[in-house]
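The block underneath contains the structure these notes are about, expressed in structure tokens.
This structure is a prediction, so every number in the text was calculated from the model and none was measured.
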Amino acid sequence: MFAVAFALLTGLTLVLSSPSRSIHEQRTNLPHGWSRIRRPDLSGTLPLRIALKQSNIDKLHDRLLDVSHPESENYGKHWTLEEVKTYFQPSEDSVEVAMQWLEESGVERARIEISKGRNWVQVKDLSVAEAERILSTEYHIYEHIHGGTRLACSAYSVPSHVQPHIELITPTLHFDGPPPSKRGHLSARSFKAVDIAPLDSATDDLSNCDVRTTPPCYRALYNIPAEPTILAASKNSFAIVEYTPQAYIGSDLDLFFANFSPSLVGRRPEFISIDGGVVQTEEMDFEVNIESNFDIGYAMTLVGPGQPVRLYQLEDIPEGSAQLLGPFNDLLDALDGSYCTEDGGDDPSVDGVYPDPAPGGYQGPKDCGNKQKSNVFSVSYANNEGDLTPFYQIRQCNEYGKLGLMGITFLFASGDSGVAGNNELCLFPNGTQSVDAPLFNRSFRFSQLLYYFRLTCTTAMFPANCPFVTGVGATQVNPGSTVFDPESAASLTGGGFSNIFALPDYQKSAIEEFYKFHKPPYGADQYNNSQKARGIPDFSVNGVNCTVVAEGLTIAVAGTSAAPPVIGAMITLINDARLAAGKSPVGFINPAIYSDAFRDAFNDITSGNNPGCGTNGFEGVQGWDPVSGLGTPAFEKMRDLWLGLP
Ligand SMILES: *[C@@H]1O[C@H](CO)[C@@H](O)[C@H](O)[C@H]1NC(C)=O
Ligand SMILES: *[C@@H]1O[C@H](CO)[C@@H](O)[C@H](O)[C@H]1NC(C)=O
Ligand SMILES: *[C@@H]1O[C@H](CO)[C@@H](O)[C@H](O)[C@H]1NC(C)=O
Ligand SMILES: *[C@@H]1O[C@H](CO)[C@@H](O)[C@H](O)[C@H]1NC(C)=O
């Protein structure tokens, strides 16, 4: 019907049977490990969901800077959830265009639903044949080398007049979340365990910080007070995010606390379960315990007993151990009801589905906008930029921006394999990942690790590449040096430039300076050297030879996973000082940390590099660089600068 009207209106009779269409998303390469195996049963059904374009989303960058740039008169004047929702809600026009398109494609209106947030239009049971016609595509079944399949396509198109009204459509070509994996494939590198040794008793000894980073080492390196005075605990909040089966062990925490913060022995984080998340104890080993033990142990120790720390644990056991999810959507859904569909999740082929039909699955509804927010979120998990479509990442990135408008700080690890991917995966020019490939221009890539147990550290990456979050890397005390000597960038640090996200305003002068004085010796065939791309990390803290207790043993581990909880603790102490002074939490911190005023708040890191893909990677140089970012924080200066802001 519409096609006819359209054709007549424009007089393009030729278009009658094929009105002009635009390819909305396409991929030329599959994420590592996946292959296309066969056509699906065309009479089988899929739930088609259309994410509508949000209003004013092109203004998000400026609105966010308006509340978070230190020179803005609106600094710290964060928005309420309601304000954010109203400002960005898709227009009724977009709802109507999407519904009309479906109707004209032969889907009766009775089958079309609009989510409560009026942000998704969906058809619950569409046959694969119908979906193929509507999207002008062909679906296939894809299989992962370690088992597990997905229904997906490699491109889809929509009528050109519909395209401006949509963000993306699922299920199509999104392979977020690792495939279901067999537990036997667990590999032993999360945080890389570099050393296993008993804990010596001289725990406040600063002479061994090159081989054993401890809480006293962090305090000495960055001037963090040993017994922070907490003044506004009841207004403040600090969240550590973990994904089942990752779980902390209470007795390990107590061993750690006994050495570094005895008053915390017996204390645990406040538990917030999302989508049936549990601190599982069925499976215990280094791989499933190190991340949580580290994150919670350091977060609680560094903020001290006066400030409770929250643990947001995501996913029930079947979802967690099946590893079948897009972990980041689920957290965003729980925090903002205007992001989720409010009736059953995002893409069920990728994200967790609740109530979970699997044996032993969580029987409650999917969490959607019903979980409390925290001022700071520390997330040491990540996905590969190269494996997720641009629109898919942009949609989530914008959501972090919206939460930033509300005054929330998001910290993500920048990755653990230098400019390469984990397991040293690099890229061929066609985008295929391989250990032999020469390129690192999509150096934001998927951690092999994540295939096994979506962990930690990981390589560079989404969401650290998102300009609306803070991506944090790792430094090291050089062998034989002390905490009073300059650190270097750690060679494992994921760092580089995004192929998806453009250079945000706040980072422009830092990157200009970097190219002016320290242009890397690599061409466009090796990385995105356009000088117009978002660079990561933003800044760093020590992430090498870090002490953690797991299974009762003290281990030294390395990874950028160390950075979110340690930096999160510092931001939480700064928020405490600001809240006590009647001010707002710092919220999105990047515009402040890149401003001239904050130059003194960092120890510049001018040595070290992050090799990979047959190159030396990038070099730590004066000013911002894609290995250490702005350097390491000088806590007291940073706190005072932030206390001085309105
Ligand atoms: C880490 O600790 C080991 C000893 O366990 C030491 O050989 C090494 O130099 C330390 N530092 C770095 C940066 O690896
Ligand atoms: C990409 O390039 C590599 C190296 O030339 C080749 O081995 C691989 O088959 C290519 N992949 C695709 C999907 O074309
Ligand atoms: C790498 O960069 C070159 C030049 O900018 C570009 O043509 C190529 O597509 C890029 N490759 C990948 C995999 O991003
Ligand atoms: C490099 O980044 C810019 C800015 O985001 C982007 O427009 C361009 O497509 C990227 N280049 C490649 C090869 O991906």
Side-chain angles (χ1 to χ4, degrees), residues 61 64-65 68-70 222 376-380 382 385 397 400-401 403-404 408-416 443-444 457-475 487 489-490 493-498 500-514 533-543 560-571 574 586-605 608 610 618 620-635 637-638 641-642:
H61 171 274
L64 189 55
L65 255 60
S68 47
H69 196 286
Y222 311 125
V376 175
F377 282 88
S378 156
V379 193
S380 296
E385 175 177 274
C397 178
Y400 291 116
L403 292 163
I408 300 175
T409 309
F410 278 95
L411 302 164
F412 286 94
S414 76
D416 282 358
S443 60
F444 302 98
C457 5
T458 71
T459 60
M461 326 224 315
F462 178 72
N465 60 353
C466 164
F468 305 147
V469 307
T470 305
V472 288
T475 53
E487 286 186 89
T493 299
F497 298 89
S498 173
I500 291 177
F501 292 102
L503 181 59
D505 279 357
Y506 62 76
Q507 207 179 28
K508 273 186 179 149
S509 61
I511 292 211
E512 241 171 59
E513 192 183 307
F514 172 70
R534 152 85 166 142
I536 62 163
D538 292 305
F539 65 112
S540 302
V541 293
N542 192 294
T560 56
S561 270
V566 170
I567 292 173
M570 290 189 236
I571 301 292
I574 291 168
V586 293
F588 178 50
I589 62 175
N590 296 12
I593 61 177
Y594 280 93
S595 69
D596 279 344
F598 274 63
R599 232 164 231 262
D600 282 352
F602 290 94
N603 312 302
D604 197 0
I605 301 296
N610 55 351
F618 297 107
V621 294
Q622 224 172 27
W624 181 88
D625 53 67
V627 207
S628 69
L630 294 164
T632 60
F635 173 77
K637 286 183 192 161
M638 195 174 260
L641 282 164
W642 253 309

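Ring orientation note: the planes of W642 and F598 are nearly perpendicular, at an angle over 60° on the 30°/60° scale.
Listed by chain and residue number, T475, P537, S628 satisfy the side chain to side chain contact (heavy atoms under 4.5 Å, CB included) test with S540 (two or more places apart in sequence, or in another chain). Listed by chain and number, the residues in a ring pair (Phe, Tyr, Trp, His ring centres under 6.0 Å) with F514 are W624 (sequence neighbours excluded). In this view, F635 satisfies the ring pair (Phe, Tyr, Trp, His ring centres under 6.0 Å) rule with no residue, not counting sequence neighbours. Under the rule for a side chain to side chain contact (heavy atoms under 4.5 Å, CB included), the partners of D600 that lie at least two apart in sequence or sit in another chain are K637. For S68, the side chain to side chain contact (heavy atoms under 4.5 Å, CB included) criterion is met by L64, F588, P591, not counting sequence neighbours. Remark: D604 pairs with no residue by the side-chain hydrogen bond (donor to acceptor under 3.5 Å, both in side chains) rule, at least two apart or across chains. When the side-chain hydrogen bond (donor to acceptor under 3.5 Å, both in side chains) test is applied to E512, no partner is found at least two apart in sequence or on another chain. For P564, the side chain to side chain contact (heavy atoms under 4.5 Å, CB included) partners at least two apart in sequence or on another chain are S378, S380, L411, A413, V472. Evaluation of the salt bridge (charged side-chain N to carboxylate O under 4.0 Å, His left out) rule for D538 yields R534 as partners, not counting sequence neighbours. In terms of the side-chain hydrogen bond (donor to acceptor under 3.5 Å, both in side chains) criterion, T409 has no residue partners (sequence neighbours excluded).
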Walk me through whether L630 and I593 qualify under side-chain contact (heavy atoms from CB on, under 4.5 Å). CA-CA 8 Å; L630 294 164; I593 61 177; 3.9 Å; yes
Does the side-chain contact (heavy atoms from CB on, under 4.5 Å) test come out yes or no for T470 and F539, once each step is laid out? CA-CA 8 Å; T470 305; F539 65 112; 3.8 Å; yes
Chi angles and distances behind the side-chain contact (heavy atoms from CB on, under 4.5 Å) call for M638, Y222: CA-CA 10 Å; M638 195 174 260; Y222 311 125; over 6 Å; no
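Taken from OG in S498 to CD in E385, the straight-line distance is 3.5 Å, to the nearest 0.5 Å. Taking CZ of F501 as the reference point, atom SG of C397 lies at 4.0 Å (rounded to 0.5 Å). Interatomic distance, M570 CE to I589 CD1, rounded to the nearest 0.5 Å: 10.5 Å.
Side chain of S414 to main chain of G494: a donor-acceptor pair is present (N/O by atom type, distance under 3.5 Å, no hydrogens or angles).
When all heavy atoms of F462 and N465 are compared, the pair lying nearest together is CA-OD1, 3.2 Å. When every heavy atom of P626 is checked against every heavy atom of F618, the shortest pair comes out as CG-CG, 3.6 Å. Of all the heavy atoms in Y506 and N590, the pair that sits closest is OH-ND2, 3.1 Å. For the residue pair A562 and N542, the shortest heavy atom distance occurs at CB-O, 3.8 Å. G535 and Q507 make their closest contact through O-NE2, 2.8 Å (heavy atoms, listed as atom of the first residue, atom of the second, distance). Considering every non-hydrogen atom in both I605 and T632, the closest pair reads CD1-CG2, 3.9 Å.
Inspection of the E487 and N603 side chains reveals no N or O donor paired with an N or O acceptor under 3.5 Å. With 3.5 Å as the limit, one finds a donor-acceptor pair spanning the side chains of D416 and T560.
Separation of the Y400 and F468 ring centroids does not fall under the 6.0 Å cut-off.
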